[in-house]
There are 4 protein chains.
Amino acid sequence: MQILKDEIRNKILDVAENLFYQNGFRDTTTRSIANEVGISVSNLYLYYENKEAIFYGVTDRFYEYFVSGFEAFLDHHDKNITMDVCISHYIRKIISTDQKKFVIITDKSQGTKYEGFKQQIISILSNHMKTQLNNNLVQDELVIYILAKNFFEGIIEIAKNYKNEHWLESNINTLVKYHMKGMGELM
Amino acid sequence: MQILKDEIRNKILDVAENLFYQNGFRDTTTRSIANEVGISVSNLYLYYENKEAIFYGVTDRFYEYFVSGFEAFLDHHDKNITMDVCISHYIRKIISTDQKKFVIITDKSQGTKYEGFKQQIISILSNHMKTQLNNNLVQDELVIYILAKNFFEGIIEIAKNYKNEHWLESNINTLVKYHMKGMGELM
Amino acid sequence: MQILKDEIRNKILDVAENLFYQNGFRDTTTRSIANEVGISVSNLYLYYENKEAIFYGVTDRFYEYFVSGFEAFLDHHDKNITMDVCISHYIRKIISTDQKKFVIITDKSQGTKYEGFKQQIISILSNHMKTQLNNNLVQDELVIYILAKNFFEGIIEIAKNYKNEHWLESNINTLVKYHMKGMGELM
Amino acid sequence: MQILKDEIRNKILDVAENLFYQNGFRDTTTRSIANEVGISVSNLYLYYENKEAIFYGVTDRFYEYFVSGFEAFLDHHDKNITMDVCISHYIRKIISTDQKKFVIITDKSQGTKYEGFKQQIISILSNHMKTQLNNNLVQDELVIYILAKNFFEGIIEIAKNYKNEHWLESNINTLVKYHMKGMGELM
DNA sequence: AATGAATGAGGCTTCATTCAT
DNA sequence: GATGAATGAAGCCTCATTCAT
């Protein structure tokens, strides 16, 4: 019976992932999840406490994974490779394995505890960029924040359109180069 | 002796503008508007036909203004000034008068007739950029689309943080220069 | 000021009569009355206590008139003229002077104290007919009731389509003759 | 193990049939239905999509049945039996099985897709009658229309009072004979 | 007397969640 | 473990009626 249970448990996550990805947390109904899984709505509540718990079932592990990788990236990036290559690597790994979760947690999480996650990431990125720039020329921190935001949302957009590894590499590289060049302007 | 008390009529628009700005059309309830205005929900309907009408009360005039300016910008940009200066001018005018409406109509309008407005603008911008680039080096149109999106959302972000004219000018100029430089990378 | 007041008082009745006639009591809003009169809704309540009172303002006097005439007709119909002529006379008088009120009170009064008026009239007519027939052949009183109803609703229908005196006379005569002949079948 | 408890599903239809029959579609509230069934209003929506769907749950099947029978009657009435017998048969079948539905669909359907159904039937009957009469003596088509209406509403009234087969037969026969005789007057 | 302004009750509908078998 | 059944809270909207000036 344990196997069957896990099967359903996972199918719920699968279905929910797709629905959250398409419609976001707020606009995904428990009914639509249950229907697509092929079980009753009340049965859903035997597996997960409530709608939010399903969301966290989809996202929590990825969140840990993403954050730890992100912190690693911030703390000690390998000095042998340039920063752009490093970024590109990290992002590609995330997207190629967890494209949908990445989009969900950053862009479809209104109504959950991850609501502000995207903002946090962008703020961290922004602070990081500030330390890289001798930004005595930048009057306001906002511009850097915006560029961090631009960059991160560019990545989200790429994630939304993910096709294959090669496509991903080339698009991310272009995006990274673009921003590197643009940032040169600010120094 | 006015037909309806302008004070409240305007307070409704004010309150609604702020709530739409914070939560978007979908997630703003008539109750929240009424509560914050300090009237009953049913009284709201004395001033506006329905929730959508309140939204359009906030946005319609701005929409006309925005679109006409945007078309003018696309059609005949003054050859005496460079494009970046031209963009900067237009945007500054919009933001300094209507920052919130600009954000609402582009980013908080799900459930209204302006739902697709931001996408339209970005698509137009994107196409415009493609004609400027000899983009034989750009493998995928997505990148250009993302950069148009980046640019436009950068502007939205600036709008969200608007402080004063001088601040606005300098931030927009920086953003424009940044993207101009970045686009150089794609040619 | 008294004159002005009466003017409005009467205009309200006029307008209400038309609206009740078109839409019935239930589906006529106080707003629509006030709008068409050209006054505010609240002003309506200075003239009449509530929507029902307006209805009775339109109908009460007619009700008295109708009932007294009807009773007279039942009690002592002139022996010099035949019953059909008598009926025809009475009905024509009612319809040519108060066509709309007649329809309203009999067919548009749901939600008022006259709700059951049509039924009452029909019942009385039905009883009256029973005394005229030696109805040992009629198994069930229902048929007579139906014929009374048929007859009365035929009259309502004629009232709804009232054009002029001549038209009225000829149509009522036809209807009366029809039913007289039909009733012959029951004797 | 049925998808929805048929008992309640049917009780809703039963209750709704009675309420529609008494108050019509417009003036029957979802609350009154739910109260009388003994469930919550929201539970109603588990069984039927909305108020209109409940109405159609009550009426749709009957509508098909009624119309097909009616068309058959108009198209090829058996030449071996006279028209009055034919009518009588058809109507008796309808009423003995579905008296209330018959009344609801013809007389209580304002606000639904069957709103105009009674008028249609009466118009068809009226036209049918006109072809039967050499009506050079009838000044106005209204009278024929009224008689068609009378006849049809007589049937509705009989439906409202239905007791048993024998009662039905005798009442309908009387009504039909009555109108046949009355129509003789118009030729 | 007049009216602009206000409102509570009620109507339809959706949805997350719980109950009972 | 599964699910059919149930529900309360909330959302949008209308309307008769009342309040305050």
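Both backbone and side-chain heavy atoms feed into the values below; hydrogens, waters and symmetry mates do not.
- When the side-chain contact (heavy atoms from CB on, under 4.5 Å) test is applied to Asp98(B), the partners found at least two apart in sequence or on another chain are Phe62(B), Tyr65(B), Lys101(B).
- Taking every heavy atom of residues 26-36 of chain D and every atom of DNA chain E, pairs under 4.0 Å involve Thr28(D), Thr29(D), Thr30(D), Arg31(D), by number.
- In this structure, Glu7(B) places its CD atom 13 Å from C1' of dG4(E), rounding to the nearest Å.
- Checked by atom type and distance alone, the side chain of Asp107(D) never pairs as donor or acceptor with a backbone atom of Val103(D) at under 3.5 Å.
- The distance from the NZ atom of Lys11(D) to the CG atom of Asp14(D) is 9.0 Å, given to the nearest 0.5 Å.
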Check nucleotides 6-8 of chain E against the protein and report each pair of N or O atoms closer than 3.5 Å, with its distance, or say if there are none.
{"unit_1": "dA6(E)", "atom_1": "OP2", "unit_2": "Asn43(B)", "atom_2": "ND2", "d": "2.9"}
{"unit_1": "dA6(E)", "atom_1": "OP2", "unit_2": "Tyr47(B)", "atom_2": "OH", "d": "2.4"}
{"unit_1": "dA6(E)", "atom_1": "O5'", "unit_2": "Asn43(B)", "atom_2": "ND2", "d": "2.9"}
{"unit_1": "dT7(E)", "atom_1": "OP2", "unit_2": "Ser40(B)", "atom_2": "N", "d": "2.7"}
{"unit_1": "dT7(E)", "atom_1": "OP2", "unit_2": "Ser40(B)", "atom_2": "OG", "d": "3.0"}
{"unit_1": "dG8(E)", "atom_1": "N7", "unit_2": "Ser42(B)", "atom_2": "OG", "d": "3.4"}
{"unit_1": "dG8(E)", "atom_1": "O6", "unit_2": "Ser42(B)", "atom_2": "OG", "d": "2.6"}

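- Partners of Ser32(D) under the side-chain contact (heavy atoms from CB on, under 4.5 Å) rule, at least two apart in sequence or in another chain, are Leu19(D), Thr28(D), Thr29(D).
- Counting heavy-atom neighbours within 6.0 Å of Gln22(B) CD, excluding the residue itself, gives a total above 12.
- The line from CG of Asn35(A) to OG1 of Thr30(A) is 9.0 Å long, rounded to the nearest 0.5 Å.
- Look at CG on Asn23(B): it is 12 Å from P on dG11(F), rounded to the nearest Å.
- Taking atom NZ of Lys51(C) as the reference point, atom P of dC15(F) lies 9 Å away to the nearest angstrom.
- Under 4.0 angstrom from either OP1 or OP2 of dT17(F) there lies at least one side-chain N or O belonging to Tyr45(C).
- Taking the centre of each ring, Phe152(C) and Phe102(C) come in below the 6.0 Å mark.
- Side chains of Tyr114(D) and Asp60(D): a donor on one and an acceptor on the other come within 3.5 Å.
- With Asn50(B) contributing its side chain and Ala53(B) its backbone, the two residues share a donor-acceptor pair below 3.5 Å.
- Atom CD1 of Ile12(D) and atom C1' of dA5(F) are 11 Å apart (whole Å).
- Sequence order on DNA chain F of the closest nucleotides to Phe25(B) and Asn50(C) puts Phe25(B) first from the 5' end.
- For the helix from dA2(E)-dT21(F) to dT21(E)-dA2(F), the terminal axes (five pairs an end, C1' atoms, rotation from four pairs onto the next four) enclose an angle of 40°, given to 10 degrees.
- Residues passing the side-chain hydrogen bond (donor to acceptor under 3.5 Å, both in side chains) test with Arg31(D): none are found, sequence neighbours excluded.
- No donor-acceptor contact under 3.5 angstrom links the side chains of Tyr21(A) and Glu17(A), judged on distance only.
- Separating the OH atom of Tyr48(A) from the P atom of dA2(F) is a distance of 13 Å, rounded to the nearest angstrom.
- Whole-Å rounding puts the Asp6(D) CG to dG4(F) C1' distance at 12 Å.
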